[in-house]
Structure formats: C-alpha cells, structure tokens
Q: 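Quick one: the structure is below, and I'll ask about it shortly.
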Amino acid sequence: MQRANHSTVTQFILVGFSAFPHLQLMLFLLFLLMYLFTLLGNLLIMATIWSERSLHTPMYLFLCALSVSEILYTVAIIPRMLADLLSAQRSIAFLACASQMFFSFSFGFTHSFLLTVMGYDRYVAICRPLRYNVLMSPRGGACLVGCSWAGGSVMGLVVTTAIFHLTFCGPSEIHHFACHVPPLLKLACGNNVPAVALGVGLVCITALLGCFLLILLSYAFIVAAILKIPSAEGRNKAFSTCASHLTVVVVHYGFASVIYLNPKGPQSLEGDTLMGITYTVLTPFLSPIIFSLRNKELKVAMKTFFSKLYPEKNVTI
C-alpha cells in the first residue's frame, strides 16, 4: 500500500556540481586535463611495457593490467561527469545508471585485487627469490590477472544487483555526479533498504579490508626480509622495487577509506560529491605519475621508448 502512493522512478537526475554553478566551467577544464593526463599516462606505461622486452615480467604484466583497469574505471565515470558539467539536462536512464554502477565497481575492485596481486609478487620476489620463476610463471601470472578481473566483475554484479532490485520512489535526484551507492539508497523505499545497505556495505568493506590486510601481511614479510640484508645498498635496491607500489597502495586505500568509512550525516551531500572526486579523478591521475617517477626501471624504459620515437632528440625524464 505504501508503494502505491509513490510513482516508480524510471530515470534519475545527477545533481553533481549544480550546487557550485560558478565553478562548473573551471571544474570542467580541470577534470578534463586530469582525465586526459590519466589516459595518456596509462597508455604510455602500457606502450612502454609492450615495446621493451626487459619489462616482459610478471611485475610489469600486473602493472599493465592495472593501467587497463584504471583507464576503464575512469571511462565509466568521467566522460559522463564532464558532459553534465556543461549541460543543464543531467538525466540518466535507469539501465544506464545500473550499467555505470556495474562497470565502475567492477573496474574499481579489479584495481584493488590487482594491487593485492602486485604485493604478493613483491613478496615472492624478495622473500622467495629461488621459487619466483615457478610461482610467478607466465601461466600463473595470467591466472592471477584473470582471477582479479573475474573477482572485480563478481563484486560489481553483486553490488549492482542488490541496489537495483530495490524499489525507487520519488524524488529521483541523485546527489552525486555518478550512480553511487549511498545517494541511491536515499531514494529507495521499502522495508528491506536497511538490510541491503548493511549487506552492500559489509561486502565492500570486507573486500577492501581483506585486500589491504593481505598487502600489509606481504609487506610485513618483505620488511623482515629486507632488514636481514647485510649491505645498505642491497636493502635500498630491494626496497626501491616496492616503493612505487607501496605509494599507490597508500593513496588508493587512503582515499577509499575516506569514501567508505566516512560517517554519513544529513548535511553531507555536497561533501560526498567533493570527496568522490578524490577517488574518481585524483587517484587515477596520481597513479601513473607515481609509477613513472618512483620506478627506476620503468623510467629508464620510458627514456629508451622515447629515444626510439624521437632518435634525433635527447629525451630526459
């Protein structure tokens, strides 16, 4: 009877940054530049790994897969966000909203799983070097990448199915720039909404926390192994192979914790939108920069790659 008093929602309105009308053009230009840099940075990493045979190792296979997931994650969200910043019509169809949520969650969790796999790769390389070629064979590396993508797709399917099986009643305004879970839950009606919200939250937090704890465990063994190396040069060399990955992990999970562990209050709608930018735009923007600057082997390979493209110029990275 309660549902009969409401009209079922067939499309949503993405409120996005409409609360900041005077900033929309500036935000469009800023996000467009960051988006293009993210695409170009990740494409450059992929092209360098593909062209340099010295980088045809499991570690860089995982980095290449990470770049692909990052590109696809941003493609799922940012183009729509940029279009809405220049448009007064911000409606999105029900199925389009569900598709955006599925792909963004799938690629986002794939990213987390790949970071976990990269942590395991560094653990094997430093703590079990004699077994590295066995544990990280081409087939084993491909299997880990495939499992990461499959796991991300399952997470996206579970979250999207749970959310879009709810009944949505008016109003149809999503106070976010994308089809994100918390603002959609505010639009749902029915007695099962609290249970679905709790279930989705537990699934997401458990997956993220599980990945983070596995990475911490890997680095606990790595640090213990590095401290046993007698020479300072050896310790620095071992740690340098982990520096870029560890930095990306801190950035990734730091911003993820802001999104998922932030207490939601009634006054937090605009704040949620702004915090969403850190995870949607800023993290993918920083990732290729970190890997390019803090990974010495990749820096050298990029310099070689550019020297092949422009042999008459002296390229400095």
Q: According to a 4.5 Å side-chain heavy-atom criterion applied to Ile, Leu, Val, Met, Phe, Trp and Tyr, with indirect links allowed, do L40 and I289 form part of one hydrophobic cluster?
A: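 Shared cluster, no.
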Q: Is it the case that one hydrophobic cluster holds both L32 and I71, taking links as side-chain heavy atoms less than 4.5 Å apart, direct or via other members?
A: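 L32 and I71: one cluster.
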Q: If I compare all heavy atoms of H180 with all of M101, which pair ends up nearest, and what's the gap?
A: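 Heavy atoms of H180 and M101 come nearest at C-CE, 4.0 Å.
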Q: Verify whether the ring centers belonging to F62 and H245 lie closer than 6.0 Å.
A: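 Judged by ring-centre distance (under 6.0 Å), F62 and H245 do not meet the cut-off.
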Q: Working to the nearest 0.5 Å, report the span between CZ of F103 and OG of S153.
A: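 Between atom CZ of F103 and atom OG of S153 there are 9.0 Å.
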Q: Quick one: does H56's side chain have a donor or acceptor within less than 3.5 Å of a partner on W50's backbone?
A: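 The answer is yes, because a donor-acceptor pair under 3.5 Å joins these two groups.
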Q: I need the C127 SG to Y132 OH distance, nearest 0.5 Å.
A: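 Answer rounded to 0.5 Å: 12.5 Å.
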Q: Rounded to the nearest 0.5 Å, what separation is found between the OG atom of S172 and the CD atom of Q11?
A: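 One finds 6.5 Å between OG of S172 and CD of Q11.
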Q: Could you state the interatomic distance from CG (L157) to CZ (F102), rounded to the nearest 0.5 Å?
A: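 Answer rounded to 0.5 Å: 6.0 Å.
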Q: Any chance the rings of F12 and F168 have centres within less than 6.0 Å?
A: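 Yes, the ring of F12 comes within the 6.0 Å limit of the ring of F168, centre to centre.
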Q: Please evaluate residues C211 and F113 with respect to the criterion side chain to side chain contact (heavy atoms under 4.5 Å, CB included), reporting the C-alpha separation (whole Å), side-chain torsions for both, the decisive distance (0.1 Å), and the verdict.
A: CA-CA 7 Å; C211 290; F113 295 150; 3.3 Å; yes
Q: Any side-chain heavy atom of M155 within less than 4.5 Å of one from S106?
A: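 SC-SC contact between M155 and S106 ruled out.
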Q: Within the 4.5 Å heavy-atom criterion, are I174 and V15 side-chain neighbours or not?
A: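 In short, these two side chains do not touch, never coming nearer than 4.5 Å.
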Q: Within the distance-only criterion (no hydrogens, no angle test), does the side chain of S137 pair as donor or acceptor with the backbone N or O of G140 below 3.5 angstrom?
A: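 Yes; at least one donor-acceptor contact below 3.5 Å.
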Q: Does A178 offer a backbone N or O that forms a donor-acceptor pair with the side chain of H176 under 3.5 Å?
A: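 Yes; at least one donor-acceptor contact below 3.5 Å.
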Q: Measuring from L25:CG to L30:CG, what's the distance to the nearest 0.5 Å?
A: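 So the CG of L25 and the CG of L30 are separated by 11.5 Å.
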Q: Do V223 and V248 land in one hydrophobic cluster if side-chain heavy atoms of ILVMFWY residues count as linked below 4.5 Å?
A: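 Not linked; separate clusters.
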Q: For the CG atom of L66 and the CD1 atom of I45, what is their distance to the nearest 0.5 Å?
A: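 The CD1 atom of I45 is 8.5 Å from CG of L66, to the nearest 0.5 Å.
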Q: Just so I know, are the side chains of R122 and S218 near enough to count as touching, which here means a heavy-atom distance under 4.5 Å?
A: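 Side-chain contact under 4.5 Å: no.
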Q: Specify the closest pair of heavy atoms between L85 and L27, including all atoms of both residues, with the distance to one decimal.
A: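 Answer, listing the atom of L85 first, then L27: CD1-C, 4.1 Å.
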Q: For P230, is there any backbone N or O sitting under 3.5 Å from a side-chain donor or acceptor partner on R235?
A: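 Confirmed, R235 side chain pairs with P230 backbone.
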Q: Evaluate the side-chain proximity of P288 to L44: yes if any heavy-atom separation is below 4.5 Å, no if none is.
A: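 Heavy-atom side-chain distance check fails, nothing below 4.5 Å.
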Q: Side chain to side chain contact (heavy atoms under 4.5 Å, CB included) between L82 and Y35: does it pass, once the steps are laid out?
A: CA-CA 10 Å; L82 292 173; Y35 175 56; 4.2 Å; yes
Q: Begin from the C-alpha positions of E70 and S287 and carry the test side chain to side chain contact (heavy atoms under 4.5 Å, CB included) through to its verdict.
A: CA-CA 9 Å; E70 207 151 63; S287 184; 3.2 Å; yes
Q: Determine whether a donor-acceptor pair (N or O, by modelled atom type, separation under 3.5 Å) exists between the side chain of D121 and the backbone of V117.
A: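 Answer holds: no.
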Q: Okay, side chain of T48, backbone of L298: is any donor-acceptor separation there less than 3.5 Å?
A: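 Checking the backbone N and O of L298 against the side chain of T48, no donor-acceptor pair under 3.5 Å is found.
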Q: Assigning hydrophobic clusters by single linkage (Ile, Leu, Val, Met, Phe, Trp, Tyr; side-chain heavy-atom cutoff under 4.5 Å), is F31 placed with L282?
A: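 The answer is yes; both residues are in one hydrophobic cluster.
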Q: Using ring-ring contact (aromatic ring centres under 6.0 Å, His included) as the criterion, point out the one residue from Y279, F109, F212, Y73 that pairs with H252.
A: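 Between H252 and the candidates, ring-ring contact (aromatic ring centres under 6.0 Å, His included) is satisfied uniquely by Y279.
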Q: With no hydrogens and no angle check, is any side-chain donor or acceptor of S87 less than 3.5 Å from a backbone partner on D84?
A: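 Flag not set: sc S87 to bb D84 has no pair under 3.5 Å.
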Q: For the residue pair F177 and L14, establish whether any side-chain heavy-atom pair is separated by less than 4.5 Å.
A: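 Of all side-chain heavy-atom pairs linking L14 with F177, none is under 4.5 Å.
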Q: Could you walk me through whether L187 and C169 pass the side chain to side chain contact (heavy atoms under 4.5 Å, CB included) check?
A: CA-CA 6 Å; L187 307 182; C169 308; over 6 Å; no
Q: Under 6.0 Å between the ring centres of F164 and F94?
A: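 Yes, the ring centres sit under 6.0 Å apart.
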Q: In terms of hydrophobic clustering (I, L, V, M, F, W, Y; side-chain heavy atoms under 4.5 Å; direct or indirect links), are L86 and I277 co-clustered?
A: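 L86 clusters together with I277.
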Q: Taking side chain as C-beta onward, heavy atoms only, is E52 less than 4.5 Å from Y60?
A: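 In short, these two side chains do not touch, never coming nearer than 4.5 Å.
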Q: When you compare the side chain of N42 with that of P284, does any pair of heavy atoms fall below 4.5 Å?
A: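 The answer is no; the side chains never approach within 4.5 Å.
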Q: Over 60° means perpendicular and under 30° means parallel, so tell me whether F107 and W149 are parallel, tilted or perpendicular.
A: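 F107 vs W149 ring planes: perpendicular.
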